[in-house]
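First comes the structure, then the notes that go with it.
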Amino acid sequence: MRFDAISVIPEVFSGYVGASILGRAQARGVFTFHAHDLRTWTHDRHRTVDDAPFGGGQGMLMKPEPIFEAIEAVQAMDETAAHVVFFSPCGAPFTQRTAERLAHMERIIFMCGRYEGMDERVYRLADEVISLGDYVLTGGELAALAVTDATVRLLPGALGDEQSAQDESFSDGLLEYAQYTRPATFRDEQVPEVLLSGDHGAIARWRRQSALRRTAAFRPDLLTNAALTDEERRYVDELLDGSEQAGEV
Ligand code: SAH
């Protein structure tokens, strides 16, 4: 899969996409990431990418001309047509479902905003507009990295173990179950006995219940759409009706 990011600070990407799991996935040819300086597509001496907003107000907006030229030029860098993603707090919230959908694309171009945002006319170049969440960042670069990271780890061969992208938070609409490693007792706290039992059926049941307890405690909103059996539904209803969620979940 090929990613292209257009930004006024293209140097910020390489450290993150070159390290650890993403770095190894790139080395194995799972994906490529190309960062482009938006100022390449300016034509004045100061390489201007911003201007004052019509109607007045604080701050500067990104001008449309360099953005149009940049996207056209970056599209032409590869014969595979790219899906174009813009970032804005006004976009659709990014979720694991979005990452699953994007992981099927062959090529994505990210257009990263800065300053107070962009001239509204650039959004006609967008196949979709994504928000990382209900807060305001100084630029779209972190959003591009978050989307790249969450998408790449779903690509075949990106993680060592195929299973690990399947069992985790959100994959079945629930948060992941609690996990433990050695030592079995640490500062007086014990790992749940069943996890040491070697009884795989009992462990699977415990994990499912742990996922249900954690989702009920931390993200009850997710339970509305989760696929639960009647018995599981009764269990979470009891948890939600019950008093405080105390102790380990
Ligand atoms: N004035 C704008 C925010 C501009 S922030 C507003 O109120 O909506 C500058 C740039 O950072 C945006 O153009 C966008 O590309 C990026 N950005 C900021 N917050 C973001 C978020 N929550 N999700 C995705 N991108 C974001």
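Side-chain atoms are counted along with the backbone in the values below, which use heavy atoms only and exclude waters and symmetry mates. In listed order, ligands and their atoms are each counted from 1.
Distance check for atom 7 (O) of ligand 1: every protein heavy atom is found at 4.0 Å or beyond.
Any N or O atom pair closer than 3.5 Å counts here, and Glu116 shares at least one such pair with ligand 1. Residue Val136 has no N or O atom closer than 3.5 Å to an N or O atom of ligand 1. Checked against a 3.5 angstrom limit, the closest N/O atoms of Leu137 and ligand 1 fall inside it. Below 3.5 Å of separation, one finds an N or O of Phe87 facing an N or O of ligand 1. Remark: ligand 1 and Tyr115 share no N or O pair separated by less than 3.5 Å (distance only, no angle test).
Of the residues listed (Glu69, Lys63, Met62, Arg114), the one engaging Leu38 in a side chain to side chain contact (heavy atoms under 4.5 Å, CB included) is Met62, and it is the only one.
The shortest heavy-atom distance from Ile130 to ligand 1 is under 4.0 Å. Proximity of Phe86 to ligand 1 is not established, as no heavy-atom distance is less than 4.0 Å.
Of the possible polar contacts, one joining the Arg28 side chain to the Ala158 backbone as a donor-acceptor pair under 3.5 Å is found. Remark: side-chain polar atoms of Ser7 are paired, donor with acceptor, to backbone N or O of Ile9 under 3.5 angstrom.
Numbered from 1 in the order shown, with element, the atoms of ligand 1 that lie under 4.0 Å from a heavy atom of Gly117 read 4 (C), 13 (O). Near Gly133, with a cut-off below 4.0 Å to any heavy atom, the atoms of ligand 1 are 22 (N). For ligand 1, the atoms lying closer than 4.0 Å to a non-hydrogen atom of Gly140 are 11 (O), 15 (O), 16 (C).
Both the backbone and the side chain of Ser131 come within 4.0 Å of ligand 1, judged by heavy-atom distances.
Asp37 is not listed as a side-chain neighbour of Glu11, based on a closest heavy-atom distance of 4.5 Å or more. Side-chain atoms of His43 and Glu65, non-hydrogen and from C-beta on, never get closer than 4.5 Å to each other.
Atom CD of Gln96 is surrounded by more than 12 heavy atoms from other residues, nucleotides or ligands within 6.0 Å.
Rounding to the nearest 0.5 angstrom, the gap separating the CG atom in Leu155 from the CZ atom in Phe31 is 8.5 Å. Between atom CD1 of residue Ile109 and atom CD1 of residue Ile6 there is a gap of 5.5 Å, rounded to the nearest 0.5 Å. Considering CG of Asp199 and CZ of Arg205, their distance stands at 6.5 Å, rounded to 0.5 Å.
Between Tyr180 and Trp206, the angle of the ring planes lies from 30° to 60°, which puts this pair in the tilted group.
Around atom 20 (C) of ligand 1, the closest heavy atom drawn from Ala144, Pro89, Gly59, Gly113 belongs to Pro89.
Among all protein heavy atoms, the one lying closest to atom 17 (N) of ligand 1 is Gly139 O, 4.0 Å. The protein atom (non-hydrogen) at minimum distance from atom 22 (N) of ligand 1 is Tyr135 O, 2.8 Å. In this structure, the protein non-hydrogen atom closest to atom 23 (N) of ligand 1 is Leu132 N, 2.8 Å.
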